[in-house]
Amino acid sequence: MTMDWDNWEPKERATLLFVVKGGQILLIRKKRGLGAGKVNGPGGRIEPGESVLEAAVRETREELGVEALEPSLRGELRFQFLDGYSLHCSVFLSPDCVGEAIETDEAIPMWTPLDAIPYDEMWADDARWLPGMLEGRTFRGEFVFDSEKILSHSVRWETL
């Protein structure tokens, strides 16, 4: 599938937020919704009238009970699925959080050493951009999926 990314419009907009501190990253095992069972960062859909940053902080609070401190935008992801679903995702990185991560109806928290991130339990795209983001780089990525399989992708390392 060839994509015209210049004229692409997502059906939904969402966020991801990764807290990284003390050599560990706060991940979740998602309990429901798109990607249930997979490991990912906390995040979700943007509510009407909410900024992407507000959504990222709210979703992290709702999914894990922690308040992300000083999150910064690190990346933009665009996903097109063969079934017609499309998603634009803004990716944030936070150096700390307040509170202790707790299990909720949506997610199980996982503080994971940076050298032990379980990419084999995550979406296939994560291994293509998350390591670079953790090295301090910013990025834009486009991915075409057939269910959970990447058909095509591009990741550009750049200033946002």
Aromatic contact between F145 and W123, with the criterion being ring centroids under 6.0 Å apart: yes or no?
yes
Hey, could you give me the OG/CZ distance between S86 and F79, rounded to the nearest 0.5 Å?
11.5 Å
Side-chain contact, heavy-atom cut-off 4.5 Å: E70 with S94?
no
May I ask you to test the K38-M122 pair for a side-chain heavy-atom distance under 4.5 Å?
no
W157 versus G132, closest heavy-atom pair with distance
CH2-CA, 3.5 Å
CZ on R32 to CG on D105, rounded to 0.5 Å:
5.5 Å
What heavy-atom pair brings G37 and R29 nearest, and what distance separates the two atoms?
O-NH1, 3.0 Å
Would you call the rings of W129 and F139 parallel, tilted or perpendicular, where under 30° means parallel and over 60° means perpendicular?
parallel
What residue among L27, V39, N40 forms side chain to side chain contact (heavy atoms under 4.5 Å, CB included) with D126?
N40
Here the pair of heavy atoms bringing A107 nearest to E63 is CB-O, 3.8 Å
Taking C-beta and beyond as the side chain, do V144 and W5 meet within less than 4.5 Å on heavy atoms?
yes
From I108 atom CD1 to L64 atom CG, the distance as rounded to the nearest 0.5 Å
10.5 Å
Minimum heavy-atom separation for G43 and E59, please, with both atom names.
O-OE1, 3.3 Å
Atom CD in Q80, atom CE in M3: separation rounded to 0.5 Å?
4.5 Å
Determine whether R58 and E54 satisfy the following criterion, salt bridge (Lys or Arg N to Asp or Glu O under 4.0 Å), listing intermediate values before the conclusion.
CA-CA 6 Å; R58 176 187 51 76; E54 289 167 340; over 6 Å; no
Measuring from atom CG of L26 to atom OG1 of T112, what distance do you get when rounded to the nearest 0.5 angstrom?
8.0 Å
Using side chain to side chain contact (heavy atoms under 4.5 Å, CB included) as the criterion, point out the one residue from T60, I102, D96 that pairs with V66.
T60
Step-by-step side-chain contact (heavy atoms from CB on, under 4.5 Å) determination, W111 to V19:
CA-CA 9 Å; W111 279 106; V19 176; 3.8 Å; yes
Check whether any side-chain heavy atom of R13 sits under 4.5 Å from a side-chain heavy atom of V52, and report yes or no.
no
Short N-O contact, E142 and R156, less than 4.0 angstrom:
yes
For the hydrophobic clusters of this structure (ILVMFWY residues joined by side-chain heavy atoms under 4.5 Å, transitively), does one cluster hold both V91 and L69?
no
Hey, does R74 have a side-chain heavy atom less than 4.5 Å from the side chain of F18?
no
Rounded distance (nearest 0.5 Å) linking atom CG of D4 with atom CD of E9:
11.0 Å
Side chains of S90 and F92 in contact at under 4.5 Å (non-hydrogen atoms):
yes
Please report the closest heavy-atom contact between R45 and E50, naming both atoms and the distance.
O-OE1, 4.4 Å
Within the side chain of K149, is there an N or O that forms a donor-acceptor pair under 3.5 Å with the backbone of A124?
no
Indicate if M110 and Y119 have the same hydrophobic cluster label, given that clusters are the connected sets of ILVMFWY residues with side-chain heavy-atom separations under 4.5 angstrom.
yes
Which pair of heavy atoms, one from M133 and one from L93, lies closest together, and at what distance?
CE-CD1, 4.0 Å
